[in-house]
Amino acid sequence: MMQIGILGSGLMGGKLGTVLARAGHDVVFSYARNKEKLTRLAREAGAKARAGTPAEAARDADAILLSVHWSRFDDVLDQAGNLAGKTILTCSLPMNEDNTALVVGNTSSGAEELAKKVPKAKIVSAFNTIPSEVIPGVFAARRKKSRPSLVYCGDDSPGKKIAAQLISDVGFDPVDAGPLRIARYLEPMALLMGQLAYEGKEGPELAYRFERF
Ligand SMILES: NC(=O)c1ccc[n+]([C@@H]2O[C@H](COP(=O)([O-])OP(=O)(O)OC[C@H]3O[C@@H](n4cnc5c(N)ncnc54)[C@H](OP(=O)(O)O)[C@@H]3O)[C@@H](O)[C@H]2O)c1
């Protein structure tokens, strides 16, 4: 079991933190606009979860989940403090203010830009290709033989091992897509998933099935 620090406790951070706490990890929820929300999330996630500041979430974390809007990166990283040596899973996409376009692409990715901001951390890109709505259902079905695949990428082997474990604990079959630069392909793919989930007619489940395919 690991200690997980959640930096950004919204749709993704809230759901992933909740299922990881229910899977038995110690989870600290941090970074929301009010402390009451973090406390409520922790209460609902069960005895293994608590609310804290970004610095508290990061301090003893074996893995950090970064799940904030691109525009909040610098603020949350400042508040988290020294992240040298930490494994950071990022599901955050480098989106513009109204979430209509990637602001990094082709020759780099949000994950690679993050690695430049925290050069001594182990960055893994994961969980950004799924709509947050499917997470509880995947967790509920995690003991079934056939699990949906979830791709991740990164440059650090121990960091990727941690990521694969957590992906598996959420209920997915982890698929190693290669080095961190592959996030250049994963991030646009994540936009396609979002398009199918939220603009298409069939909702988030379609994106989930599509990823498995
Ligand atoms: N949602 C998805 O299905 C999905 C799928 C793939 C990738 N992603 C990516 O994952 C990342 C997170 O997405 P999300 O949907 O989870 O976003 P979200 O629900 O808006 O969560 C962001 C978190 O940041 C907090 N926050 C924002 N501004 C803040 C401020 N000034 N001070 C303190 N906290 C602040 C929010 O607080 P409040 O809770 O108080 O609002 C919230 O907890 C994004 O980069 C997105 O592109 C999301």
Side-chain angles (χ1 to χ4, degrees), residues 4-20 27-45 49 51-58 64-80 88-105 109-114 117 123-139 148 150-153 163 166-167 170 172 183 185-200 202-208 210-211:
I4 316 289
I6 307 288
L7 299 182
S9 299
L11 292 171
M12 289 300 276
K15 289 195 178 65
L16 284 169
T18 297
V19 300
L20 288 170
V27 171
V28 180
F29 288 103
S30 79
Y31 204 71
R33 274 169 274 226
N34 65 69
K35 175 107 200 286
E36 289 69 39
K37 178 187 176 176
L38 298 174
T39 309
R40 178 179 52 75
L41 264 177
R43 192 176 54 243
E44 289 171 2
T53 63
E56 287 164 349
I64 291 168
L65 176 76
L66 180 62
S67 45
V68 296
H69 190 272
W70 180 244
S71 61
R72 306 307 311 169
F73 262 46
D74 289 337
D75 186 49
V76 75
L77 292 174
D78 272 358
Q79 291 192 39
I88 305 177
L89 275 66
T90 177
C91 69
S92 299
L93 296 168
M95 304 294 292
N96 61 1
E97 283 297 331
D98 60 2
N99 289 317
T100 53
L102 290 171
V103 294
V104 176
S109 60
E112 289 165 280
E113 295 305 308
L114 173 64
K117 287 178 190 283
I123 309 296
V124 181
S125 175
F127 292 117
N128 49 18
T129 54
I130 45 158
S132 63
E133 285 90 338
V134 305
I135 293 167
V138 170
F139 182 67
L150 192 124
V151 282
Y152 65 103
C153 65
L166 295 178
I167 290 167
V170 173
F172 292 96
Y185 313 140
L186 285 191
E187 290 175 3
M189 176 181 162
L191 280 200
L192 172 63
M193 294 302 158
Q195 172 72 19
L196 290 171
Y198 304 118
E199 309 282 332
E202 296 192 53
E205 273 301 303
L206 176 67
Y208 158 76
F210 184 44
E211 170 144 23

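When a ligand or atom number is given, it counts from 1 through the structure's own listing order. The model shown is predicted, which means the values in this text are computed figures rather than measured ones.
The side-chain heavy atoms of F172 and I130, taken from C-beta on, include a pair separated by under 4.5 Å. Residues F127 and I135 are not in side-chain contact: their nearest non-hydrogen atoms beyond the backbone lie 4.5 Å or more apart. Side-chain contact between L102 and P94: present, with at least one pair of heavy atoms (C-beta onward) separated by less than 4.5 Å. Taking the side chain as every heavy atom from C-beta outward, L66 and F73 approach each other to under 4.5 Å. Under the 4.5 Å side-chain criterion, counting only non-hydrogen atoms from C-beta, E97 is in contact with S71. Using a 4.5 Å cut-off on side-chain heavy atoms (C-beta onward), V103 and M95 make no contact. In this structure, the side chains of L77 and L114 come closer than 4.5 Å at one or more pairs of heavy atoms.
Protein heavy atom nearest atom 35 (C) of ligand 1, with residue, atom name and distance: Y31 CE2, 3.4 Å. For atom 46 (C) of ligand 1, the closest non-hydrogen atom on the protein side is L93 N, 4.1 Å. Counting only heavy atoms of the protein, atom 3 (O) of ligand 1 lies nearest to S132 N, 2.8 Å. Closest protein heavy atom to atom 19 (O) of ligand 1: L11 N, 2.9 Å.
Closest heavy-atom approach to atom 9 (C) of ligand 1 among the candidates C91, P94, P204: C91. Considering only non-hydrogen atoms, atom 40 (O) of ligand 1 lies nearest to R33 out of R33, M12, Q79. Of the listed options P131, G8, G10, G10 places a heavy atom closest to atom 21 (O) of ligand 1. Considering N128, V68, L66, V76 only, the shortest heavy-atom separation from atom 45 (O) of ligand 1 involves V68.
Numbered from 1 in the order shown, with element, the atoms of ligand 1 that lie under 4.0 Å from a heavy atom of S67 read 11 (C), 12 (C), 22 (C). Under a 4.0 Å criterion applied to the non-hydrogen atoms of A32, ligand 1 contributes the atoms 33 (C), 34 (N), 37 (O), 39 (O), 40 (O), 43 (O). Near S9, meaning under 4.0 Å from one of its heavy atoms, ligand 1 places the atoms 43 (O).
Note: an N/O pair closer than 3.5 Å links R72 and ligand 1 by distance alone.
For A42, the side-chain contact (heavy atoms from CB on, under 4.5 Å) partners at least two apart in sequence or on another chain are F29, A49.
Not close to ligand 1: N99, with no non-hydrogen atom less than 4.0 angstrom away. Every heavy atom of A190 sits 4.0 Å or more from the atoms of ligand 1.
Residue K37 touches ligand 1 through its side chain alone, judged by heavy-atom distances below 4.0 Å. In I130, the part holding a heavy atom less than 4.0 Å from any atom of ligand 1 is the backbone. Contact annotation: for Y198 versus ligand 1, heavy atoms closer than 4.0 Å belong to the side chain alone.
Taking OG from S9 and CG from L16, the interatomic distance works out to 10.5 Å, rounded to the nearest 0.5 Å. With rounding to the nearest 0.5 Å, the separation of CZ in R72 from CD in Q79 is 8.5 Å.
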E187 vs N128, test: side chain to side chain contact (heavy atoms under 4.5 Å, CB included). Steps then yes/no.
CA-CA 7 Å; E187 290 175 3; N128 49 18; 4.1 Å; yes
